[in-house]
2 protein chains.
Amino acid sequence: MEERNLEKFSDLMNCPVRHVLDRFGDKWSVLILIMLDEKGTLRFNALHHTIPDISQKMLTVTLRTLEADGLITRKIYPEIPPRVEYQLTEMGSSLIPYIDGLAKWALHNMPHILRSRDQYNNKVTLN
Amino acid sequence: MEERNLEKFSDLMNCPVRHVLDRFGDKWSVLILIMLDEKGTLRFNALHHTIPDISQKMLTVTLRTLEADGLITRKIYPEIPPRVEYQLTEMGSSLIPYIDGLAKWALHNMPHILRSRDQYNNKVTLN
DNA sequence: CCGTATCCCGCCTGATACTG
DNA sequence: CAGTATCAGGCGGGATACGG
């Protein structure tokens, strides 16, 4: 990411929160992990059906990245037609509870946030 | 965000995880919340010093968004020179434990992820 | 001190077409 | 079925300059 001025940000480079956001702040990674947790093992197209609004390209890219990071496994069956199955690794599974925690917080607080945002926008546009 | 084809994604629009990522997946929001939790009340420049590598523009923008969402308060002292203090709201504070959970997971697992990523890249480039 | 106002680049993402 | 390859657009975010 930021390779320059390392000396200046050396303490921030070790900040775990930065790493988490850099890694999982993208649009699809977390959602895919959740789906694999909910449904267990899934084939490429089955996964695509659970997340209809992801492009095929982004699904492939995100799956490869998750595999590279050791969060999911990719098992290829040498058949015709080809079959590829994805599932969480142990490390991938260990992340789920923390995501669920955030999800529950969101479920409870998102209404407040949206209401607050509306009020704020009204105030601003009234001036 | 996606205003079209709502009927198709109606169930996904209600997915709390999507909301969380849409809202906190940006580069700075979570980091600012953590700093305000650690340090308590902070002035604009003090906050900037705790996060040196954010631009002044993005600090302002992110603070306004957090304020609009009801996660922080912004208190202006009508003095010369001006003083503005930021601190977490109750809702903002309630999010911190979940962020900490993720941070601890990251602290423990990031080394594995980075190692896995390296191995994967070596494999690929060997072919 | 605490911002706003512009300009602009990188790259993430989606659309589309093609392959073993 | 499960992918690559390629192209194009939008937008987040940085740099810079200015203002109360």
Side-chain angles (χ1 to χ4, degrees), chain A residues 1-5 8-9 12 18 21-32 35-36 41-68 72-87 124-125 127, chain B residues 1-5 8-9 12 18 21-32 35-36 41-69 72-87 124 127:
Chain A
M1 328 281 142
E2 306 118 282
E3 308 278 301
R4 292 148 266 192
N5 297 39
K8 197 173 161 194
F9 312 131
L12 289 174
R18 301 291 279 276
L21 289 179
D22 270 8
R23 175 61 191 83
F24 299 106
D26 72 321
K27 202 170 177 183
W28 303 112
S29 289
V30 171
L31 195 59
I32 289 176
M35 288 309 173
L36 287 177
T41 304
L42 282 178
R43 302 181 57 168
F44 185 87
N45 269 352
L47 196 47
H48 203 173
H49 286 136
T50 67
I51 313 174
D53 53 340
I54 187 175
S55 66
Q56 198 178 32
K57 174 189 170 185
M58 287 315 298
L59 182 54
T60 303
V61 168
T62 310
L63 284 172
R64 287 300 144 78
T65 312
L66 290 171
E67 186 200 4
I72 67 175
T73 58
R74 179 165 178 268
K75 194 168 179 181
I76 306 170
Y77 295 85
E79 306 170 356
I80 305 285
R83 177 159 58 114
V84 180
E85 290 184 344
Y86 297 92
Q87 63 178 318
V124 170
T125 51
N127 294 348
Chain B
M1 326 283 138
E2 306 119 279
E3 309 276 300
R4 293 148 266 190
N5 297 40
K8 197 172 158 194
F9 312 131
L12 289 174
R18 301 291 279 277
L21 290 179
D22 270 8
R23 175 59 192 84
F24 299 106
D26 72 322
K27 200 171 176 181
W28 302 111
S29 290
V30 171
L31 195 60
I32 289 175
M35 288 308 173
L36 287 177
T41 303
L42 282 179
R43 303 182 56 170
F44 184 87
N45 269 352
L47 196 46
H48 203 173
H49 286 135
T50 67
I51 313 174
D53 53 340
I54 187 176
S55 66
Q56 199 177 30
K57 173 193 170 183
M58 287 316 298
L59 182 55
T60 303
V61 168
T62 310
L63 285 171
R64 287 299 143 78
T65 312
L66 290 171
E67 185 200 4
D69 287 4
I72 67 174
T73 59
R74 178 164 178 269
K75 194 169 181 182
I76 306 170
Y77 296 85
E79 307 170 356
I80 305 283
R83 178 160 57 114
V84 181
E85 289 184 346
Y86 297 91
Q87 62 178 321
V124 171
N127 293 348

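Chain identifiers are assigned alphabetically (A, B, ...) following the order of the sequence lines, protein sequences preceding nucleic acid strands; residue numbering begins at 1 within each chain. Note that the structure is a prediction, hence the values are computed from the model and not measured.
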Legend entry - Minimum-distance nucleotide (side-chain atoms of B:Pro81 versus C:dC7, C:dT13, C:dC1): C:dC1
Legend entry - Main-chain N/O of B:Ile54 paired to B:His48 side chain as donor or acceptor, under 3.5 Å: yes
Inset, instruction - Answer yes or no: does a side-chain N or O of A:Tyr86 lie under 4.0 Å from OP1 or OP2 of D:dG3? - result: yes
Inset, instruction - Quick one: label B:Glu79 by what it contacts on the DNA or RNA (base, sugar-phosphate, nothing), any heavy atom closer than 4.0 Å. - result: nothing
Legend entry - Between C:dC2 (P) and B:Ile54 (CD1): distance, integer Å: 15 Å
Inset, instruction - Round to a whole Å and report the spacing from CZ of A:Phe44 to C1' of D:dT4. - result: 11 Å
Inset, instruction - Look at A:Arg83 and D:dA2 and indicate whether a side-chain polar atom (N or O) is within less than 4.0 Å of OP1 or OP2. - result: no
Legend entry - Separation of D:dG3 P from A:Leu47 CG (nearest whole Å): 10 Å
Inset, instruction - Calculate the interatomic distance between A:Asp22 atom CG and C:dC12 atom C1'; express it in whole Å. - result: 14 Å
Legend entry - Closest listed nucleotide, where the reference is the side chain of A:Arg64 and the choices are C:dG14, D:dT4, C:dC2: D:dT4
Inset, instruction - State, with a plain yes or no, whether a side-chain heavy atom of A:Leu66 is found less than 4.5 Å away from one of A:Arg74. - result: no
Legend entry - B:Leu59 CG - D:dA15 C1' separation (whole Å): 16 Å
Legend entry - Closest listed nucleotide, where the reference is the side chain of B:Asn45 and the choices are C:dC2, C:dG20, D:dT4: C:dC2
Legend entry - Closest contact, heavy atoms only, B:Trp28 versus B:Asp53: CH2-O, 3.3 Å
Legend entry - Phosphate OP1/OP2 of D:dG14 contacted by B:Lys27 side-chain N/O (<4.0 Å): yes
Legend entry - Which residue lies more 5' along DNA chain C, comparing A:Gln56 with A:Asp26 via nearest heavy atoms: A:Asp26
Inset, instruction - Measure from NE2 on A:His48 to P on D:dG3 and round the result to the nearest Å. - result: 12 Å
Inset, instruction - Using a heavy-atom cut-off of under 4.0 Å over every strand shown, decide if A:Tyr77 touches base, sugar-phosphate, or nothing. - result: nothing
Inset, instruction - Between D:dT6, C:dC1, D:dA2, spot the one nearest the side chain of A:Lys57, thanks. - result: D:dT6
Inset, instruction - Take the protein atom CD1 of A:Ile51 and the nucleotide atom P of C:dT13, then report the distance between them rounded to whole Å. - result: 14 Å
Legend entry - A:Leu47 side, atom CG; A:Thr50 side, atom OG1 - distance, nearest 0.5 Å: 4.5 Å
Inset, instruction - Take atom CE of B:Met58 and atom P of C:dT4, then tell me their distance rounded to the nearest Å. - result: 13 Å
Inset, instruction - With rounding to the nearest 0.5 Å, note down the distance linking CD1 in B:Ile51 to CG in B:Leu31. - result: 4.0 Å
Legend entry - Phosphate OP1/OP2 of C:dG3 contacted by B:Arg74 side-chain N/O (<4.0 Å): yes
Inset, instruction - Look at the side chain of A:Trp28 and decide which nucleotide, out of C:dG14, D:dG3, C:dG20, has an atom nearest to it. - result: C:dG14
